[in-house]
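A, B, ... follow the sequence lines: proteins, then strands. Residue 1 opens every chain.
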Amino acid sequence: MYWGLSLVKDQKGKQRVSTGISPSGPIHLGNLREILTGDIIYKSLVLSEKDASFIYLCDDIDPLRKVYPFLPESYSAHVGKPLRDIPAPAGDLAYSEYFLAPFLKSIETLDVKPEVIRTGQLYAEGKFGEIIDLMIKRKEEIQNILQNISGRELEKRWFPYNPKCSKCGRINSAIPYEYSDGFVYYKCACGYEGKSDIYKDQGKLPWRLEWPAKWKILGVTIEPFGKDHGTQGGSYDTGKAISEIILNYPAPLPQMFERILLKGKGAMHSSTGVNIPATEILDFAPPEIVRYMMARVPPSRHIEFDPEAGFLNLMDEFERMIRLGSENKLDEDQRVLLRISATEKSMDDLPDYRHLTTLVQIYSKDEQIKNVLQRSGKRYSDEILALRIKQARFWVDHYAPESSKFMVSGETAPVSLNELEKKVICNFLENIDSMEGWNADLIHEAAREAIGRSSLTPSEGFVALYKAIIGKERGPRIGFFLESMERNKVKRRLSFICGVQNE
RNA sequence: GGGCCCAUAGCUCAGCUAGGUAGAGCAUCUGGCUUUUAACCAGAGGGUCAGGGGUUCGAAUCCCCUUGGGCCCGCCA
């Protein structure tokens, strides 16, 4: 059974899948796994005909933890303040919204459409109030749970609520010393003394308490999370205990997921530069393939993403699957996988990606590529075609390995050909000289004829031609390829090889 | 110190919570076709299922140990 279906099959009643993130910087492919795993689970619930909803929490009240490498040093003044209170590196938005906006755009492209909830807003609306009150009142009990399960020693003055200093704006430096009637009294490191209303966004719960609180407030029943939360004694373990003992709410069904590694580089991490921003993935990868990449393996396995040759193979694999799907040749699991990988857009008749990576290297204009594709009788919508061409070009420019790229050799570039191969080139040159026009069919016919007059097999003959023109043994179909080049340029190159003087 | 994941063909992986004669795609090789596509069709070679032990009539599959690789926690989220 498909892993998503297997995960949800025993879930009873109303289901709510939750995912989220602190929008503390640009979101990369690795982060995308969380929300896509959530979406796959959500869609698995829908396929299982269960009553399901899907939410995405933007933890915009989390403090800025440090000056990240991508930030100017001036941000040191903002460390400790909620992300929603900090100005963005550019523009007028808040810091959190600045990083959230492109991410939301990306996931929409990926056909992920959760209800987006800002945690700061939940605090502002007082949604956490009752639970904060309860947690403060049962502080000792919670403290014991945390200490027993996580094994860590909590400080004597530990308090289950972090007030935000109304003077300096930091949420990590105010020390509470008293609680009464919904107000937490604190003294901040900046010297200010004040109080926070727990029914407003004047402070927050620490993570290990906030997580179970969210489960109860939002009615979460399933939640995927990274292995960092899932370790023994980690925040899921303590969250589960707090949820069940203190809040009397069953902990959601957990689904841990492994990380995404960049082939040859290791784990993706925003700070090390080993990552591909989520937005950039979509510059070259159709959204279906990104979904497919996450959906095809169970979350417990790490994914080694190879944006170079491996990506093209993945595209092939997926396109093959679509083809088999339309021929009704897939087994049940594969059908589910395909269904879950699909976006709302139709996947019928998509131009072959690998083919496009060749075409974009031959032709510079979309119009020419469109003509070539139409010659084969296929029609694609301009919008889809333009997008795919753009993606293929991006891939060729940024990720294509040498074996997938070609460059036309200089007119006098050295090339090693044996006598038989040279003969093919010279025959071909003669044919070109006497050709009536310059189009793909004629060129192709001329090439076949030239090879026919030699003692080489057709495939050997084509190797000779490719070696002469691009210095490699294989290449794009010769007719269309040469048609896109200037006739005289081709002639000069072939003449050089044959040693024929040009007039 | 603790925890999780992984190891199956040259490469990427499936098969593992129904234990029953090792699979797919790509790559390679052979043959065919000889050109809308670096295409397509047919076939072939290629694996002590990391190693060892156990359970079993029977183990890639379940259990234990070992080795190797990766990651996470022991700050904060």
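Contact check, Thr358(A) against rA38(B): a side-chain N or O comes under 4.0 Å of OP1 or OP2.
Counting any heavy atom pair closer than 4.0 Å across all strands shown, Phe311(A) reaches no nucleic acid atom. Residue contacts shown for Pro63(A) are absent, as no nucleic acid heavy atom lies under 4.0 Å away. Across all strands shown, Arg208(A) has no heavy atoms under 4.0 Å from either base or sugar-phosphate atoms.
Distance Asp352(A) CG to rA39(B) C1': 9 Å, rounded to the nearest Å. Between the CD atom of Gln334(A) and the P atom of rG25(B) there is a distance of 11 Å, rounded to whole Å. rC72(B) atom P lies 14 Å from atom CZ of Arg33(A), rounded to whole Å. Taking atom CG of residue Asp228(A) and atom C1' of nucleotide rA77(B), one finds them 9 Å apart after rounding to whole Å. Atom NE2 of His229(A) is separated from atom C1' of rC71(B) by 15 Å (rounded to the nearest Å). For the pair Glu258(A) CD and rC71(B) C1', the computed distance is 6 Å after rounding to whole Å. The nearest whole Å value for the distance from the CD atom in Gln255(A) to the C1' atom in rC4(B) is 13 Å. Separating the CZ atom of Arg301(A) from the C1' atom of rG15(B) is a distance of 10 Å, rounded to the nearest angstrom.
The same atom, P, is picked in rU34(B) and in rA24(B); the two are 29 Å apart, to the nearest Å. rG52(B) and rU8(B) are spaced 16 Å apart, taking the P atom of each and rounding to whole Å. Comparing the P positions of rA38(B) and rU28(B) gives a spacing of 14 Å, expressed to the nearest Å. With both ends at atom P, the span from rG20(B) to rA60(B) equals 10 Å, rounded to whole Å. Rounded to whole Å, the separation between the P atoms of rG47(B) and rG1(B) comes to 40 Å. Across rA14(B) and rC73(B), the matching P atoms stand 25 Å from one another, rounded to whole Å. The gap from the C1' atom of rA9(B) to that of rU55(B) amounts to 30 Å, rounded to the nearest Å. Between the P atoms of rU61(B) and rG46(B), the separation comes to 24 Å (whole Å).
In this structure, the side chain of Ser6(A) does not engage the main chain of Tyr2(A) through any donor-acceptor pair within 3.5 Å. Side-chain atoms of Arg152(A) never come within 3.5 Å of backbone atoms of Leu146(A) as a donor-acceptor pair (strictly under, hydrogens ignored). Without hydrogens or angle criteria, Gln361(A) side chain to Thr357(A) main chain gives a donor-acceptor distance under 3.5 Å.
When ring centroids are compared, Tyr236(A) and Trp207(A) stay outside the 6.0 Å threshold.
RNA chain B forms stems at B:1-7 with B:67-73, B:10-13 with B:23-26, B:28-32 with B:40-44, B:50-54 with B:62-66, each a run of 3 or more consecutive Watson-Crick or G-U wobble pairs whose two key distances fall under 3.5 Å.
Taking all atoms of both residues into account, the shortest heavy-atom contact from Ile470(A) to Ser409(A) is C-OG, 3.5 Å.
Looking at Thr231(A), its side chain has no donor and acceptor atom pair within 3.5 Å of the base of rG74(B).
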Quiz item: Is there a side chain to side chain donor-acceptor pair (under 3.5 Å) between Gln202(A) and Tyr186(A) once you walk through the steps?
Solution: CA-CA 11 Å; Gln202(A) 296 175 354; Tyr186(A) 61 83; over 6 Å; no
Quiz item: Could you walk me through whether Val79(A) and Tyr75(A) pass the side chain to side chain contact (heavy atoms under 4.5 Å, CB included) check?
Solution: CA-CA 7 Å; Val79(A) 171; Tyr75(A) 271 79; 5.9 Å; no
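Comparing Glu445(A) and Leu205(A) against RNA chain B, the residue whose closest nucleotide sits nearer the 5' end is Glu445(A). Heavy-atom distances to RNA chain B give each of Asp316(A) and Ile478(A) a nearest nucleotide, and the one nearer the 5′ end belongs to Asp316(A).
Glycosidic conformation of rA50(B): anti, with the torsion beyond 90° of 0.
Among rC76(B), rG70(B), rG2(B), the nucleotide with an atom closest to any side-chain atom of Arg65(A) is rC76(B). Side chain of Lys227(A), nearest nucleotide from rC13(B), rC26(B), rC71(B): rC71(B). With rG3(B), rA77(B), rA38(B) as the candidates, the nucleotide lying closest to the side chain of Gln232(A) is rG3(B). Candidate nucleotides rU34(B), rA77(B), rC76(B) were compared by shortest atom distance to the side chain of Arg448(A), and rU34(B) ranks first. Counting only heavy atoms from C-beta on, Arg354(A) has its side chain closest to rA38(B) among rC72(B), rU34(B), rA38(B).
At least one side-chain heavy atom of Ile276(A) sits less than 4.5 Å from a side-chain heavy atom of Tyr399(A).
Of the listed residues (Arg118(A), Lys164(A), Arg84(A)), just one forms a salt bridge (charged side-chain N to carboxylate O under 4.0 Å, His left out) with Asp201(A), and that residue is Arg84(A).
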